[in-house]
There are 2 protein chains.
Amino acid sequence: MATIDDVAKTAGVSASTVSYVLSGKRPISGPTRARVERAIEKLGYRPHAGARALASARTNVIALMAPLRVGVNVPVIMQFVTGVVTRARDFEHDVLLLTQDDVSGLDRVTGGSMVDALVMMDIEADDPRVPLVAAAKQPAVLVGLPEDPEGLSCVDLDFEAAGRLAVRHLAATGHTDVALIGSPPEVLRRHTSYAERLMRGLRSQAQASDVTVRVEACDSSPSGASQAVDTLLATAPDTTGIIVHNEGALPHVLSRLAERGIAVGTDMAVVAVCPKDVALAQRIPMTSIDLPAEDIGRVAVDMVMTRLDGDQPSETRLLAPVLTERESSTPGPAADG
Amino acid sequence: MATIDDVAKTAGVSASTVSYVLSGKRPISGPTRARVERAIEKLGYRPHAGARALASARTNVIALMAPLRVGVNVPVIMQFVTGVVTRARDFEHDVLLLTQDDVSGLDRVTGGSMVDALVMMDIEADDPRVPLVAAAKQPAVLVGLPEDPEGLSCVDLDFEAAGRLAVRHLAATGHTDVALIGSPPEVLRRHTSYAERLMRGLRSQAQASDVTVRVEACDSSPSGASQAVDTLLATAPDTTGIIVHNEGALPHVLSRLAERGIAVGTDMAVVAVCPKDVALAQRIPMTSIDLPAEDIGRVAVDMVMTRLDGDQPSETRLLAPVLTERESSTPGPAADG
DNA sequence: CTGAAAGCGCTAACAA
DNA sequence: TTGTTAGCGCTTTCAG
């Protein structure tokens, strides 16, 4: 492999000039630049990342901690990762992938100066990684909200607003008895705050709009979904609007409703909280509040990059939810008259 | 951050001794080792990755090129990535994630010595990345089979054997008219060889077992799946066994069959080629040939690690398919008598 | 506008 | 069993 000295030699300049041509950190005359570039081209020169990191204290790599366990949210995670990776490239950064549970990985990449910054997905209320990352010398942004973000930056969908929005939509279309089919019990137990935030929004808007909200936890399996639907219809037969916040269960919820002869869109309004493509991949195009995973990933990278140079103060960004009406929700019973 | 010299100083030894304690590349006396370890602990010392890479020409990072486009195979990809990341950790390596289409990323990480090795997913028959990676100084393993693997190592499920296995299973349970509901047309156009290999196996075994096989390409959308089912039943009404090799379409295929009053498992045997968890997440537990994505990822890492030190010759490993009988397939018509 | 030279923090001969 | 020392390839003062 050619080194910077090789390039310097064949261009007839000093190594530092080559370096400055590459970094643009000082003005270079046209002819000199041209000769250097020709030499680089000719030799197929690539700066050695390790040497660069050593000399400049910059790796041009960010770490991404993602929950790689198999499960419900796989599409969301993938979209998020995609957003992070593509946006990182816009800043000339690559992405080092860590699994959520590799807590020691945090220390490794951080202390070993393997990365310039960190993005951590799927933050739980009382997440053990939060204190670790707060102590790191690299900036970090969390996706999700921990109990105490003490000086850390966070991004997420504004789930509370999403909850309000969903209820407002159903209320506006005449529904007075609505229900949430939500996350699996284990998610709730883990205190991933988004579920709680959604419910808070749901409840506050329910009160404001004078509708009742029943909440049903729901396993993502076919049987879990069927059970949730059956329980709901048994205990709250007046329900005319359902909010589903569980991608894995969504198709099965719809199947179950179909099996029971309930026509989604006419007999029952259904609003999903999920990525757009998931909403569109159902048997009926779903009215949905988009979970803009890729956007969130992009924003996370933007935030972390901002913090790379200047020491911006920490901030929390909650993206405003957007509801798109599709065939699964139509004016409800009270609006019929 | 503490450096190796700091550690050496507080342990009262030389830097090289610290280095050797860490690497284990030469014997160290008990007491010395103890003092060094104490110093490391006390200072919270972490070797600087860049410095290490520069001095040793090892980064302890491997690159993984994965197709991050959204689509059908998301669960498979995630499982695969998980396999790679966790196995890499067993070899003290981290994973740098590149997107499939970032072809220049290959050059960047390779030429810049950012990684020790490469794993590339989803290789197509005439993949433009193959010559690039063949020219790299780092070893690589491909997941999938290119047209010409010229000296490169590959892993994949043995799809040809899987095709044979599926047909053999259906034939053995009495079916004589079977069909494949396969990948979307665009996948076939991309010449991802697995689809072709599966069909080859299907056809050869069909001939051997004296059964007919009809092939239906199938878009992964609900409507695409319905259409495939409808076309199939219209043009080949005698079909009693279906092989589905399209995870995204699978639930919709099953729904469509249900809608048409065809009972999967009794009226129609269905064999899926998909990950186990997908097979189990359907309305009926599916007889399936497992797509062991996580295993493949693990094997890919094993192979690439082997090639890191000694220059092992290149090899291609095709994992033997395993069929698990579940409720979606039962003895067919001919076996009834 | 360009060069010379001093490190960045580590590894691995070479010496003892 | 341990220490000394010469780089690894780059960035960035400092000088001109």
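Sequence lines set the chain letters: A, B, ... in the order given, protein chains first and strands last, and positions in each chain run from 1.
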Legend entry - Side-chain N,O (B/T3) to OP1/OP2 (C/dG9) below 4.0 Å: no
Inset, instruction - Classify the side-chain pair A/D277/A/Q79 by whether it contains a donor and acceptor separated by less than 3.5 Å. - result: yes
Legend entry - Integer-rounded Å distance: C/dC8 P and B/M1 CE: 16 Å
Legend entry - Lys/Arg N to Asp/Glu carboxylate O, A/D122 vs A/R69, below 4.0 Å: yes
Legend entry - ring pair (Phe, Tyr, Trp, His ring centres under 6.0 Å) partners of A/F80, counting only residues at least two apart: none
Inset, instruction - State, without any angle test, whether B/S19 and B/S16 hold a side-chain donor-acceptor pair at a distance under 3.5 Å. - result: no
Inset, instruction - Would you kindly say whether B/S193 and B/R197 are connected by a side-chain donor-acceptor distance under 3.5 Å? - result: yes
Legend entry - Ion pair B/R317/B/D156, N-O distance below 4.0 Å: no
Inset, instruction - Could you list where the contact with chain B starts and ends along DNA chain D, reading 5' to 3', using a 4.0 Å heavy-atom cut-off? - result: D/dT1 to D/dG9
Legend entry - Euclidean distance, atom CZ of residue B/R46 to atom C1' of C/dC10 [Å, nearest integer]: 16 Å
Legend entry - Contact list for DNA chain C against residues 23-32 of chain B - heavy-atom distance below 4.0 Å: B/K25, B/R26
Inset, instruction - Select base, sugar-phosphate, or nothing to describe what A/S16 touches, counting heavy atoms under 4.0 Å on all strands. - result: base
Inset, instruction - Taking only Lys NZ, Arg NE, NH1 and NH2, and the carboxylate oxygens of Asp or Glu, determine whether A/R298 and A/D295 approach each other closer than 4.0 Å. - result: yes
Inset, instruction - To the nearest Å, give me how far apart CG (A/D5) and P (C/dG3) are. - result: 13 Å
Legend entry - Rounded distance [0.5 Å steps], CE in B/M305 versus NE2 in B/H93: 4.0 Å
Inset, instruction - Please report, rounded to the nearest Å, how far the C1' atom of C/dT11 is from the CG atom of B/N60. - result: 13 Å
Inset, instruction - Under 4.0 Å between any heavy atoms, over every strand shown, what does B/V18 touch: base, sugar-phosphate, or nothing? Just pick one. - result: nothing
